[in-house]
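Data block below; observations after.
Sequential numbering from 1 along the given sequence is applied to the chain's residues. Values in this document were obtained by computation on a predicted structure and should not be read as measured data. As the structure lists them, so they are numbered: ligands from 1, and atoms in each ligand from 1.
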Amino acid sequence: MNEQNKNDRAAWLKGPPAECSVSETRSPWRLVLLGAPGVGKGTQADLLHERLGACHLSTGDVFRAAGSRDACEQTPAMRTAIEYMCRGALIPDTTVWEMVRERSACIRCGGGFILDGFPRTVSQAEALRGYMEGESLLLSAVVNYELPLAEIVTRLSGRRTCEECKSVFHMTMQPPREQGVCDHCGGRLFQREDDRPESISVRLEAYERSTAPLIQFYSELGLLVPVAATGSPDEICGNTMTALEALASPG
Ligand code: AMP
């Protein structure tokens, strides 16, 4: 990977006018990660970033960062978006696209990108496609992480996140050394509001209704790369790399 690209996501997380230090690479990877909530897209995006250099761009991270700001710093559209997120419901397409469009420098970035959690509806996918066509950019691939429903529920309900460094643990599958405390920075671990049981069913229903159709959308475009989301995170990442290496050269 390009040593200079350190997943500097200032421009993504803060929006303009923030700038980051990412530099152009010769054949940037432009990836979309698909899969139900809880399959581990965020973990895979971080691991893929280490191997491919492209930045991990999560729309959920942007909305969560906005949610942790003071209410008076939030726009009315953002306040409404945060309410949707807390219920586990999808944020309306226009709000999501406005937020991504504002950060379109990250889509044009010569270091590439790994989109996690976007697009989540066919209308978002069409907006992204239209934008990329206008900029003469092509997606390299769309990785679809597959996992049985029962395992998804187990993963989501046991997930805990560090308040400080955002590292993710699992109560039984990847427990921290000390209960409730982050191994990396000592921060407090918490359960995301949308990982509570009442939100999980809303999120899974939203996935089935709105996001699963993207599998066909990208399959018809010849971009879909299915990968089983079973095994350790490193194994899954290895399988993803093998599948990506089998594709024609990226870019
Ligand atoms: P995630 O971290 O990707 O699971 O996203 C957390 C929550 O943010 C989702 O449950 C939605 O409420 C909201 N969200 C994130 N990305 C999108 C998107 N592309 N479209 C609609 N809602 C989104």
Side-chain angles (χ1 to χ4, degrees), residues 9 12-13 15 31-46 48-49 55-69 74-75 77-104 106-107 113-132 139 142-145 147 152-153 155-163 166-170 190-215 217-218 229:
R9 299 183 297 161
W12 180 253
L13 293 178
L31 296 177
V32 166
L33 306 189
L34 285 185
V39 291
K41 296 187 294 294
T43 305
Q44 289 307 312
D46 283 337
L48 288 170
H49 158 72
C55 281
H56 168 192
L57 306 182
S58 149
T59 40
D61 281 349
V62 176
F63 291 123
R64 273 186 291 280
S68 60
R69 276 189 217 119
Q74 294 161 2
T75 61
M78 202 43 104
R79 270 201 290 278
T80 312
I82 293 159
E83 280 162 26
Y84 278 92
M85 181 173 68
C86 291
R87 287 205 311 274
L90 290 187
I91 294 167
D93 287 334
T94 44
T95 310
V96 175
W97 179 242
E98 209 175 293
M99 188 279 277
V100 173
R101 187 80 171 79
E102 215 176 50
R103 290 160 173 75
S104 53
C106 297
I107 305 293
F113 57 75
I114 303 170
L115 278 169
D116 155 22
F118 177 86
R120 244 181 169 100
T121 64
V122 170
S123 138
Q124 292 177 17
E126 276 166 351
L128 177 67
R129 183 161 62 143
Y131 179 80
M132 289 184 70
L139 277 178
V142 175
V143 181
N144 184 37
Y145 288 108
L147 194 69
I152 289 172
V153 175
R155 285 198 193 181
L156 283 174
S157 51
R159 183 157 71 172
R160 296 293 180 272
T161 308
C162 173
E163 238 170 22
K166 314 295 173 215
S167 294
V168 178
F169 296 84
H170 191 277
F190 72 102
Q191 182 173 42
R192 273 169 47 171
E193 209 159 328
D194 59 352
D195 280 345
R196 295 176 200 278
E198 57 280 18
S199 301
I200 290 177
S201 56
V202 179
R203 289 168 74 196
L204 290 176
E205 207 189 303
Y207 169 77
E208 279 304 327
R209 196 181 49 246
S210 306
T211 312
L214 289 181
I215 297 172
F217 179 91
Y218 284 120

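- Paired with Asn144 under the rule side chain to side chain contact (heavy atoms under 4.5 Å, CB included), one option of Leu214, Leu33, Val32, Leu34 passes, and it is Leu34.
- Contact shell of ligand 1 (protein heavy atoms, cutoff 4.0 Å): Thr59, Gly60, Phe63, Arg64, Met85, Ala89, Leu90, Ile91, Val96, Gly117, Phe118, Arg120, Gln124, Arg192, Asp194, Arg203.
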Check against salt bridge (Lys or Arg N to Asp or Glu O under 4.0 Å), Arg203 and Asp195 | CA-CA 9 Å; Arg203 289 168 74 196; Asp195 280 345; 2.7 Å; yes

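- Aromatic ring orientation, Phe118 versus Trp97: parallel (interplanar angle below 30°, classes split at 30° and 60°).
- The minimum heavy-atom distance linking Ala45 with Asp116 is given by the pair CB-CB, 4.4 Å.
- Judged as a side-chain hydrogen bond (donor to acceptor under 3.5 Å, both in side chains), and not counting sequence neighbours, the contacts of Arg64 are Asp61.
- Residues Ala229 and Leu147 share a closest heavy-atom pair of O-CD1, 3.3 Å.
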